[in-house]
Amino acid sequence: MPIDFKSQLNPAQLEAVMTTDGPVLVVAGAGSGKTRTLVHRLARLVSLGVEPSSILLLTFTRKAATEMLHRAEKLLGMALGGVQGGTFHAFSFATLRRYPQAVGYPGSLTIMDRGDAEDVMGLVMGEKGMGKGDKSFPKKGFVLELIGKSRNKELSIHEVLSRESYQLLPHASALEQLAEGYEDYKRNHGLLDYDDMLFTLERVLVENPELLEALRARHRYIMVDEYQDTNMVQARLVKLLAGDAGNVMAVGDDAQSIYAFRGANVENILSFPRIYEGTRVVRLEQNYRSTQPILDLTNSILSQAKDRFEKNLFTERTEGPLPEIVKAYSDQTQAKLAADRIRELRKRYMACEIAVLFRAGYQSYALELALNKEGIAFQKYGGLRFSEAAHVKDAVAYLRVLHNPRDAVAWKRVLTLVDKIGEKTAMKIAAAVRDNDQALLTAQRKKNPGLEALFAFLEDLRADPGGPASLLDRAVTFYTPTLTHLHPEDFPRRLAGLEQLGQIAATYAHMEQFLADLALENPAEEQKGVREDAVVLSTVHSAKGLEWPAVLLLDLVDDRFPSRHALARPEDLEEERRLLYVACTRAKDELTLFVPGTIYNRAGGGSQPAMPSLFVRELPRALYSELRETFSGSLTAASASLGSSFGTSVGSSSGNCGSVSTSRFETPRRTTSIHAPISEPEARSALASSPSALGDGPLGFCQHRIFGRGKVVARLDDGKCRVNFPGFGMKVILSEYLEMEP
DNA sequence: GCGCCTTAGTTTTTT
DNA sequence: ACTAAGGCGC
């Protein structure tokens, strides 16, 4: 039965689907049916008789690729197993693996994840003796990030430094040497980092015209999702594979570009029509996801952006509640309030229809505890990866040294697990293995029974290798005594993790693919699938492309969202704004933004007052309704119920509450009817009347709801005061929390 | 010289 | 929680 594309798509989507030859750029606003369009085009190509195997679908995650394939299969009623797809990195690695002679690297290759790369950088810095004892020298993680930026943005180290870290310019030449040392080290040990996969594929394609031709013939139709987040080498790879008048469809949204920090270049999508002559540009502007009140809010977020986005999103879903801003006393009570809200939403939604989003992985810790306490199941995306946990890396390292004996990073891991062996000895032994220095190896084995056991174990594995699952199983058995010794408290949890790793390994026949996917694809995440009974917790980055009926957003305060790291440079701040745009546009029906009054900072010495996020302060008051945690006066303020703040004044303080309340959201416009539509000029004037920080003013005495009367010792430039409270000591407090005495 | 323990100072986002 | 550095003991 032929698919009736006309009835299933709007005119713009239809145009994108019906255009099968030549370059097409689909500029797809949030929620405009981008995935639907890609899925239908996939189905259309196949229904026209195109071989699935000649279609290449490049997406941001493998999850996105498989989901699209499944949807297209459902549409077509046939399997599409032949379609090539996945991330740029996975595709590149798979292609390189298929043509090893063209790559020209001898022996097996190991893909390094971030942690491995840091280990290598640590070794290189140690070898060169750089950064030792010099506090001004950047740490290995930073050095690596710098090198990554330099490669991804294709700028010199010096240029990156002068743009974003000029205080490190004195170290420029040392850093350049480290970059070289890092490259050499990888080459000599058969190691590839993420960037290497892209650059190596490009080199191979350029150097081997006949191979390029073969790949062009193989991948006749190319579709690239999230094109705004490709970097320069990715764009060149697409161009190389497509040829001059290639059949490429790029899909993306310049307003949702959120990966500039790793070298994504939004210019790629903007210049696509120039690069591909005869490009047909299709704009998808009708939003099918969100209600009008949510769109009003997200449009407002974008309207403040420095780069103008020609976005004209509209929806037919006019009805819906206003987005809510919930002010909690602290990030601790925020967790409780969010858990309460989730319990309430559970009456109307399935758990999997509710998502909690946040800027950084650690920001959900308090909520995770609260949900555990209340017995609400959740699944977390983003943040620390399963495969980055130390015990997983340890267990996998045994497999890695077997697979690639030159893999010095893995050697260092397995060797330093042995008692009495540290970094130095480990590197000596790894070198001896590489050079086949039997004399040294025998001598070391005689000296250390733990080492003898390790080598005997590895020889045993090598003599009788099995599949990834059986090898891993034996490695875990060998590793378990070390693990229990290392983590007497929580080794059961870690053993359970290794058990899960075993289940993943069982789905792989080849060690190389297993190790590669561990670094590239986060197979643990895919294994868990979507649980209907679990609420989703996710970083905003990991939530990209997804949607939920109800979305909660945590920690909308300065330093958290926008991130502290983004405050220095305007372009970073703009990326944070787009990130918030991405976050809010995930919501279909209900959107709640949480603004805690204080945030806990281990480094900053406990709880600190927090300023509502710049982006929240910019929002016209009419676009949201506001709730605030009521002041109960007890330490268990977390159990306080929510109530509308309208007309509520801050009550008198009674003593010993660990958290504070603010009146920072009171603006002159608070009497505006919250359901009235707002015009652009109104929005602007609402903006102009946003509260401003009280940076200056006389010193003197002040009142604080919790600490009482205190002496203002200094006024700090970020709207905070240093106040000496009798009995409480010196505190740094936002001026808004203080009532000045005349 | 090297391993290992203690302590002080930091935690963004991802392939 | 995790890194880096300093100190102690072999």
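Residue numbers begin at 1 in each chain, while the letters A, B, ... track the order of the sequences.
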query: Which part of the nucleic acid, if any, lies within reach of A/L579 when heavy atoms closer than 4.0 Å are counted: base, sugar-phosphate only, or nothing?
result: nothing

- line: Rounded to whole Å, the CG-P distance (A/L201 to B/dT15) equals 19 Å

- prompt: Under 4.0 Å: is that the gap between some side-chain N or O of A/R262 and OP1 or OP2 of B/dT12?
  reply: no

task: Counting heavy atoms from C-beta on, name the nucleotide in B/dT15, B/dT12, B/dG3 closest to the side chain of A/S563.
output: B/dT12

query: Reckon A/G141 touches a base, only the sugar-phosphate, or nothing at all at heavy-atom distances under 4.0 Å?
result: nothing

Distance-only polar pair, side chains of A/N372 and A/E368, donor-acceptor under 3.5 Å: no

query: Hey, is A/F261 doing a stacking thing with B/dT13, by the 5.5 Å centroid and 30° angle criteria?
result: yes

- prompt: Of A/K428 and A/D572, whose nearest nucleotide on DNA chain B comes first from the 5' end?
  reply: A/K428

- prompt: Just wondering, are more than 12 heavy atoms of other shown residues or ligands nearer than 6.0 Å to NZ in A/K128?
  reply: yes

message: Using whole Å, what does the distance between atom P of nucleotide B/dT14 and atom CG of A/L198 come to?
response: 18 Å

task: Can you see which heavy atom on A/T61 is nearest to which on A/T87, and at what distance?
output: CA-CG2, 3.7 Å

task: Round to the nearest Å and state the distance from A/Q234 atom CD to B/dT15 atom P.
output: 12 Å

- request: Remember a base hit wins even if backbone is also touched, and classify A/F88 as base, sugar-phosphate or nothing at under 4.0 Å, heavy atoms.
  value: nothing

task: Could you check how far NZ of A/K140 sits from P of B/dT10, rounded to whole Å?
output: 17 Å

Integer-rounded Å distance: B/dT12 P and A/R577 CZ: 22 Å

message: Looking at B/dT14, I'd like to know if its phosphate oxygens (OP1 or OP2) sit under 4.0 Å from a side-chain N or O belonging to A/T61.
response: no

message: Just N and O in the side chain of A/T416: are any of them under 4.0 Å from OP1 or OP2 of B/dG3?
response: no

field: Pairwise 5' ranking along DNA chain B for A/D419 and A/G382, keeping only the more 5' one
entry: A/D419

message: Can you tell me which nucleotide in B/dT14, B/dC4, B/dT12 comes closest to the side chain of A/T539?
response: B/dT14

field: Candidates B/dC4, B/dT14, B/dT15 - which lies nearest the side chain of A/Y194
entry: B/dT15

message: If the cut-off is 4.0 Å, is A/H565 near the phosphate of B/dT12, judged by side-chain N/O to OP1 or OP2?
response: yes

message: Expressed as a whole number of angstroms, how long is the span from A/L384:CG to B/dT12:P?
response: 11 Å

- request: For A/E423, report the nucleic acid contact type (base, sugar-phosphate, nothing); a contact means any heavy atom under 4.0 Å.
  value: sugar-phosphate

- prompt: Atom CG of A/L191 to atom P of B/dT15: distance rounded to whole Å?
  reply: 20 Å

query: Salt bridge check: are A/D113 and A/K393 linked by an N-O gap of less than 4.0 Å?
result: yes

- prompt: Between A/Q332 and A/Q334, do the side chains contain an N or O donor and an N or O acceptor separated by less than 3.5 Å?
  reply: no

query: Hey, is A/D195 close enough to A/K186 for a salt bridge, meaning N to O under 4.0 Å?
result: no

message: For a quick check of understanding: with a heavy-atom distance under 4.0 Å over all strands, which category does A/R114 fall into, base, sugar-phosphate or nothing?
response: base

Gap between atoms CG and P, on A/D195 and B/dT15 respectively (whole Å): 13 Å

- prompt: Distance check: side-chain N/O of A/T425 vs OP1/OP2 of B/dG3, anything under 4.0 Å?
  reply: yes

message: Heavy atoms from C-beta onward define the side chain here; which of B/dT12, B/dG3, B/dC4 lies closest to that of A/R359?
response: B/dT12

